[in-house]
Amino acid sequence: MQQLFHNAGAEKFIFTNKSNEIQVKSLSLREKISAYYLKNMKIALIGYGKMGHMIEQIALERGHEIVSIIDIDNRGDFASEAFRSADVAIEFTTPQTAYDNYLQAFAAGVKVVSGSTGWIPEHGEEVRRLCREEGHTLFWSSNFSLGVAIFGAVNRYLARIMSGFPAYDVKMEEVHHVHKLDAPSGTAITLAEDLIHAIGRKDKWVKGTFTAPDGTVSGTEACATNELRIDSVRRGEVPGIHSVVYDSEADSITITHDAHNRKGFALGAVLAAEYTATHEGLLTMDDLFQF
Ligand SMILES: NC(=O)C1=CN([C@@H]2O[C@H](COP(=O)(O)OP(=O)(O)OC[C@H]3O[C@@H](n4cnc5c(N)ncnc54)[C@H](OP(=O)(O)O)[C@@H]3O)[C@@H](O)[C@H]2O)C=CC1
Ligand SMILES: O=C(O)C1=N[C@H](C(=O)O)C[C@H](O)C1
């Protein structure tokens, strides 16, 4: 359960929560981000693919130093002096490799920020235990972008309203590039869990249809009334589109977040690293942005 990572009561900045309404404090987002800007941090990268490269660029622009880059070919470097000197390691690899990377970084005494998706069903409980009982630090989010943090708040707010209108059924769709290994996306699962929490008539999410890069559709549109269906589409180089659709006989209401590129994910991950350098335990986007 990704809800497992929600962390109530942590220190907040940027947004505040009053009477379930979204409120932005008077200080501008730029000023608040600057307030958390730690200069000259030593960052290790674990995974040097699409996200690893984008994070490197943004970390350097923000004045940090990349002290170690671990990819699939040099995993022995977890024991190196350079890796151990990192204030934080930023991990973006695969659903299969993320957990082992956390263990290796923890063993080296390095805090981790990770955006890898798809590993929680198998290892979520143990990772929570390692952070809560053994003093390790992991900041994890299925999506590091500010836009998705805002979208998540709108999703929760809309779900509370729609809870009172059973004439509307609800389903979700996520669209991603053809290289993506997991479906549904981690972001879709987080949005679905939030929605289920707020709306009485749905109690679990299920995989719906899967549209492959060649247009072949598998899976099913059929689901029980208590199930929230998530359809997945793999197409071209789409960075990530998430939609929540409420549909009645009379009309439909759709909310969509459409990432134009990976910059928002990468900036959020570097901000999370700046935060993580001075904080401990299991950290989430709720620690950066609160609505
Ligand atoms: N939370 C968020 O905001 C976001 C999360 N993601 C998630 O991040 C993950 C990575 O995404 P992305 O960068 O696009 O994927 P890529 O496939 O582009 O990059 C993954 C990299 O990890 C490397 N790798 C594979 N196994 C290991 C290992 N055991 N140790 C170290 N490196 C390894 C791969 O090497 P090789 O290519 O040689 O196999 C590759 O270079 C995915 O799970 C994705 O869902 C993505 C975007 C945003
Ligand atoms: O694999 C990706 O690319 C992405 N993965 C994350 C997810 O699974 O939600 C975040 C973003 O949508 C891009």
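Atoms within each ligand, like the ligands themselves, are counted from 1 in listed order. Positions are given from 1, in the same order as the sequence printed here.
- Near Y48, the atoms of ligand 1 lying under 4.0 angstrom from a non-hydrogen atom of the residue are 41 (O).
- Remark: among candidates T93, I55, T94, D73, the nearest residue to atom 9 (C) of ligand 1 is T93, based on non-hydrogen atoms.
- The distance criterion of under 3.5 Å between nitrogen or oxygen atoms is not met by H177 with respect to ligand 1.
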Q) Given I43 and D87, is the side chain to side chain contact (heavy atoms under 4.5 Å, CB included) satisfied, shown in steps? A) CA-CA 6 Å; I43 295 178; D87 295 302; over 6 Å; no
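- No donor-acceptor contact under 3.5 angstrom links the side chains of S252 and Y246, judged on distance only.
- For atom 16 (P) of ligand 1, the nearest non-hydrogen atom of the protein is K50 NZ, 3.6 Å.
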I'd like a table of the close N/O pairs between ligand 2 and the protein (anything under 3.5 Å), one pair per line with both atom names and the distance.
{"residue": "ligand 2", "atom": "1 (O)", "partner": "K180", "partner atom": "NZ", "Å": "2.9"}
{"residue": "ligand 2", "atom": "3 (O)", "partner": "H177", "partner atom": "NE2", "Å": "2.7"}
{"residue": "ligand 2", "atom": "5 (N)", "partner": "K180", "partner atom": "NZ", "Å": "3.1"}
{"residue": "ligand 2", "atom": "8 (O)", "partner": "K180", "partner atom": "NZ", "Å": "2.7"}
{"residue": "ligand 2", "atom": "8 (O)", "partner": "G186", "partner atom": "N", "Å": "2.9"}
{"residue": "ligand 2", "atom": "9 (O)", "partner": "G186", "partner atom": "N", "Å": "3.3"}
{"residue": "ligand 2", "atom": "9 (O)", "partner": "T187", "partner atom": "N", "Å": "2.8"}
{"residue": "ligand 2", "atom": "9 (O)", "partner": "T187", "partner atom": "OG1", "Å": "2.5"}
{"residue": "ligand 2", "atom": "12 (O)", "partner": "H176", "partner atom": "NE2", "Å": "2.6"}

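- At least one heavy atom of K180 sits less than 4.0 Å from an atom of ligand 1.
- Among protein heavy atoms, the minimum distance from atom 38 (O) of ligand 1 is reached at I72 CG2, 3.4 Å.
- Closest heavy-atom approach to atom 5 (C) of ligand 1 among the candidates G47, G264, G115: G115.
- Only one option out of R234, K180, H242 pairs with E174 in a side chain to side chain donor-acceptor pair (under 3.5 Å); it is R234.
- Annotation for ligand 1: atoms under 4.0 Å from non-hydrogen atoms of F265 are 3 (O), 47 (C), 48 (C).
- Environment of CD in E134: crowded, with over 12 heavy atoms of neighbouring residues, nucleotides or ligands closer than 6.0 Å.
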